[in-house]
Amino acid sequence: MNIILFGPPGAGKGTQGELAAERLDLVRLSTGDLLREARTEGTDLGQKAQRYMDAGELVPDSVILGIVREVMEAQSHRAGFIFDGFPRTETQAAGLADMMDEVGTSLDAVVVLDVADETLVRRLAGRLSCAKCGVVYNRHFEPPREEGKCDVCGSALVQRADDREETVRRRLEVYREQTAPVLDWYEGAGVAIHHIAGDRPIDAVQADLTALLSA
Ligand code: AMP
């Protein structure tokens, strides 16, 4: 099964994708996570991507399609993928369709997580994560017990560079201008598109998502 988890930054694609991938034994492929790893490792790819990411702009399609191809080839023995944060442009969507054709597989559905803009800004601009163990908090919704410190391991909490409010607003604009039209592309291609209200507790969204994917 191959699914695209679609939606604006901050809609909960990462959280929901991780839970669903584990439950359904699928590979979660997050281009954002792959780019951040490359950046941390200081690879050429990471350096190339950094300035786009910090500005809230999209990394060029050719770079993104290259990393997706690599993961898809390496994980081709697995039962399928949950794509998170990819595709973000029509060129990426067309590239994914070609890659799937090459290996004789196809996309089953696009699942859109819908969340209002103001909630997205509060979620993203309030997001903090532990530099050491990766646990994610939110200043407004899920604050740590002690300010700036991880409940689990006590390490310092950090904010992603692109989660600053100004950059968050740019990321939402980029989503509306360049990424939202990808849904029309899928509609034209005859792919099933489902919407889930993402503005609810994690468990409620996950229950709807797994019910949908298990049907
Ligand atoms: P994310 O964690 O998915 O919100 O991605 C963080 C940043 O990585 C985005 O704001 C983009 O700069 C870059 N990025 C991630 N995925 C893509 C993609 N599919 N196409 C272009 N840029 C991407």
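Starting from 1, each residue takes its place in the sequence as its number. Indexing begins at 1, ligand by ligand and atom by atom, following the structure's order.
For atom 22 (N) of ligand 1, the closest non-hydrogen atom of the protein is Val59 N, 3.0 Å. When hydrogens are left out, the protein atom nearest atom 8 (O) of ligand 1 is Met53 CE, 3.5 Å; that is the closest non-hydrogen contact. Shortest contact from atom 16 (N) of ligand 1 to any protein heavy atom: Thr31 OG1, 2.8 Å. In terms of protein heavy-atom proximity, atom 1 (P) of ligand 1 is closest to Arg88 NH2, 3.6 Å.
Residue Glu57 approaches ligand 1 through these ligand atoms, each under 4.0 Å from one of its heavy atoms: 11 (C), 12 (O). Which parts of ligand 1 touch Gln92 is read off a 4.0 Å heavy-atom cut-off, strictly below it: atoms 18 (C), 19 (N), 20 (N), 21 (C). Proximity to Asp162 (heavy-atom distance under 4.0 Å) selects the following atoms of ligand 1: 6 (C). Residue Gly85 has at least one heavy-atom neighbour below 4.0 Å for each of these atoms of ligand 1: 16 (N), 17 (C), 18 (C), 19 (N). Which parts of ligand 1 touch Ile64 is read off a 4.0 Å heavy-atom cut-off, strictly below it: atoms 17 (C), 18 (C), 19 (N), 20 (N), 21 (C), 22 (N), 23 (C). Annotation for ligand 1: atoms under 4.0 Å from non-hydrogen atoms of Arg171 are 4 (O), 10 (O).
One finds a salt bridge joining Arg169 and Glu165 here, because a Lys/Arg side-chain nitrogen approaches an Asp/Glu carboxylate oxygen to under 4.0 Å. A salt bridge does not link Glu166 to Arg171: none of the charged nitrogens lies less than 4.0 Å from a carboxylate oxygen. Taking the charged nitrogens against the carboxylate oxygens, Arg176 and Asp117 do have a contact shorter than 4.0 Å, which makes a salt bridge. With salt bridges taken as basic N to acidic carboxylate O contacts below 4.0 Å, none links Arg127 and Asp162. For Asp33 and Arg36, the salt-bridge test passes: some basic side-chain N is under 4.0 Å from an acidic carboxylate O.
For CG of Asp44, the number of neighbouring non-hydrogen atoms (other residues, nucleotides, ligands) closer than 6.0 Å is 12 at most. The neighbour count for Glu147 CD, taken as heavy atoms of other residues, nucleotides or ligands under 6.0 Å away, does not exceed 12.
Under the 4.0 angstrom criterion for non-hydrogen atoms, Arg170 is not in contact with ligand 1. In this structure, Lys13 has no heavy atom closer than 4.0 Å to ligand 1.
In this structure, Ser76 contributes its side chain and Glu73 its backbone to a donor-acceptor pair below 3.5 Å.
Residue contacts with ligand 1, taken as heavy atom pairs separated by less than 4.0 Å, involve Leu35 solely via side-chain atoms from C-beta onward. The proximity of Asp84 to ligand 1, defined as any non-hydrogen pair under 4.0 Å, does not occur for either the backbone or the side chain. Of the heavy atoms in Gln50, none comes closer than 4.0 Å to ligand 1.
For the residue pair Thr89 and Asp61, a side-chain donor N or O sits within less than 3.5 Å of a side-chain acceptor on the partner.
Ring-plane geometry between Phe81 and Phe83 is classed as parallel, the angle between the planes falling under 30 degrees on a 0 to 90 degree scale with a further cut at 60.
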